[in-house]
Amino acid sequence: MPLNPLEKIIKKEALSGNGLTLARFMDLALAHPKHGYYMKKDPLGRAGDFITAPEVSQLFGEILGVWAADLWMKMGAPECFTLLECGPGRGTLMSDLSRATKNIKGFHEAAQIHLLEISPVLKNKQAETLRGYNPRWHNSLETLPEGQPIIVIANEFLDALPVHQLQKDSQGDWREVNVIWDDKNGFEYALKEADKNLINNLPFHIQNASPGRVFEIAPVRSRFVENLGALLQKNTGGVLFIDYGHTRSGVGDTFQALKNNAYANPLEHIGEADLTSHVDFEALVHAAQGMDLNVCGPIGQGTFLRNLGINLRARMLLQSADAQQAEMLEKGLHRLIYSRQMGELFKVLYIGSTHEPDGQNQPAGFV
Ligand code: SAH
C-alpha cells in the first residue's frame with residue numbers, strides 16, 4: 001500500500017535515526033502540525049472513532065457542573081476565576097456544565113471559560129457549541145491569565161499525551177520499544193537502548209519485573225500535572241482528571257489504536273486512528289505529592305458520580321422525558337456508572353491548592 005504523507009515523514013525519521021520512541025511516534029501520529037490525527041477531523045461520536053462520557057450522556061457534564069459550582073463556593077465564591085477545560089472535544093461537557101449551573105447565583109458572572117485545545121477542527125466545533133459563553137483558546141498553559149483562582153476539568157485528555165514503553169529483555173535489562181522501518185515488513189516494533197532517565201524513574205516495585213514484561217511511562221503526563229500543580233501553588237483552585245487507567249503503577253501493554261469505534265493496528269493508517277494508553281494514576285499522584293498539594297482519589301468514575309447524586313439527577317430528568325428520551329437517559333446512566341462499563345476502568349483524581357479559605361474544605365464526590 002502506498003504511504004500517506006505522514007507515514008512518509010515518519011519513515012524518513014525512522015531511517016535517519018535509530019527508529020522513533022513510541023512517545024515520539026505517538027506525538028507525530030496525533031499532533032503533527034499538518035497531518036496529525038487531531039488536525040484533520042472530528043474523532044468523536046458514533047460516526048467517528050470513539051465515544052466519550054460527555055457524548056454518552058448529558059448527565060456527565062451536568063454533574064460536573066454541580067461539582068465545579070460546589071468547589072467554587074468552597075473557594076469563597078471568587079468574583080472572577082478561570083474555568084479551564086483541557087481537550088474539550090466538541091464542547092459538550094462545558095455546554096452541559098454551563099446549562100446545569102445557570103441558576104447558581106454569581107457562578108456564570110465569575111467564570112471565564114478557557115479551553116486548551118490543539119485541534120482546529122474541534123476548536124470550530126467548540127466555538128459553535130459554546131456560542132454565547134465567550135470562551136478563549138490556548139495551545140499551552142502558559143498563556144492562561146495569571147493570578148486568579150482556577151478550576152480545571154480534563155476528561156480523556158491525559159491518555160492522548162505520548163507514552164514510552166520499556167520492556168525487560170531476556171538478559172533482564174530494560175530496553176525501550178521503538179518504531180522502525182523495515183523494507184520488507186514496513187513499520188514494526190523493535191527494542192532499542194532505553195533513555196537512562198526513564199529507567200531511573202521506574203517505580204521500585206516495577207524494577208524486578210520478569211523478562212518480557214512491558215512498563216509504560218509518560219513523563220509528559222507527569223509534567224503536565226506538575227505545571228498545573230505550579231498554578232495551584234500560586235492560586236486557589238483545583239483540577240479534576242478523569243481518564244481510563246490504573247490506580248497503581250503496573251506492568252502491561254495498553255497502547256491502542258481506535259478507528260471507527262473498533263481496535264486497529266497502531267502501525268497502520270497512521271494519522272487516521274486515535275492512539276492512547278491507559279493513565280498511570282499512581283505516577284500522577286506521585287508528581288502532585290512532591291508539591292504540597294491536596295490530592296483526593298483516584299476513585300472509580302461510577303462511585304464519584306453516584307456520590308454526586310447522578311441517580312437523583314437522572315430520576316428528575318426522567319419525570320419529564322418521553323419514552324425515547326427515557327431509554328437514552330437510562331442507557332447513558334448505565335454506561336457511565338456500571339462497573340463493567342465506564343464505572344471502574346475510568347478513574348477520577350483531584351489535585352487542589354492547600355489554601356482554600358478555611359483550609360478544611362474537600363472537593364465533593366470523594367467521600
Ligand atoms: N474531553 C473530550 C474530548 C476527549 S478527546 C470528551 O470527553 O469528549 C481528547 C481531546 O484532547 C481532543 O479535544 C483533542 O483535540 C485534545 N488534545 C489532544 N492532545 C492535545 C494536546 N497536546 N494539547 C491540547 N489538546 C489536545
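The structure displayed is predicted, hence computed values, not measured ones. Along the sequence shown, residues carry numbers from 1. Order of listing sets the numbers, starting from 1, for every ligand and every atom in it.
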Are any of the side-chain heavy atoms of Leu84 and Leu116 separated by less than 4.5 Å? yes
In ligand 1, the atoms that come under 4.0 Å of a heavy atom of Leu122 are 12 (C), 13 (O), 15 (O)
Would you say Pro54 contacts ligand 1, with heavy atoms under 4.0 Å as the rule? yes
Ala31 touching ligand 1 at heavy-atom level, < 4.0 angstrom: no
So is Gly87 polar-close to ligand 1, meaning N/O to N/O under 3.5 Å? yes
When you compare ligand 1 with Gln126, is there at least one nitrogen or oxygen pair between them that comes in under 3.5 angstrom? no
Checking the side chain of Thr101 only, and the main-chain atoms of Ile104 only, is there a donor and an acceptor separated by less than 3.5 Å? no
Can you pull out the closest protein heavy atom to atom 23 (N) of ligand 1? Residue, atom name and distance to 0.1 Å, please. Ile118 CG2, 3.5 Å
Looking only at protein heavy atoms, which one is nearest to atom 9 (C) of ligand 1, and how far off is it? Glu156 O, 3.4 Å
Less than 4.0 Å is my threshold; does some heavy atom of Leu161 fall inside it relative to ligand 1? yes
Residues Glu193 and Arg175 bridged, charged N to O under 4.0 Å: no
Could you find the nearest protein heavy atom to atom 16 (C) of ligand 1 and give me its residue, atom name and distance? Glu117 OE2, 3.5 Å
Within a distance under 4.0 Å of any heavy atom of Pro88, pick out the atoms of ligand 1 and give their elements. 2 (C), 13 (O)
Counting the benzene-type ring for Trp, do Phe107 and Phe81 have ring centres under 6.0 Å apart? yes
For ligand 1, which atoms, with element, lie under 4.0 Å from some heavy atom of Ser119? 15 (O)
Can you tell me if Lys168 uses its side chain to pair, donor with acceptor, with the backbone of Gly212 under 3.5 Å? no
If you have a sec, work out which protein heavy atom is nearest atom 7 (O) of ligand 1 and how many Å separate them, to one decimal? Asn155 ND2, 2.7 Å
Lys/Arg N to Asp/Glu carboxylate O, Asp49 vs Lys41, below 4.0 Å: yes
Per-atom contacts of ligand 1 with Gly89, taking only distances under 4.0 Å to non-hydrogen atoms: 2 (C), 3 (C), 13 (O)
Would you say the side-chain atoms of Ser353 pair up with the backbone N or O of Gly237, donor to acceptor, closer than 3.5 Å? yes
Could you list the atoms of ligand 1 found under 4.0 angstrom from a heavy atom of Tyr38? 5 (S), 9 (C), 12 (C), 14 (C), 15 (O), 18 (C)
Please tell me whether Phe157 and Phe224 form a close aromatic pair, meaning their ring centres lie under 6.0 Å apart. yes
Working to the nearest 0.5 angstrom, can you tell me the gap between Met26 CE and His164 NE2? 10.5 Å
Top protein contact for atom 8 (O) of ligand 1, by heavy-atom distance: Thr52 OG1, 2.5 Å
Got a sec: does the NE2 of His286 have more than 12 other heavy atoms crowding it under 6.0 Å? no
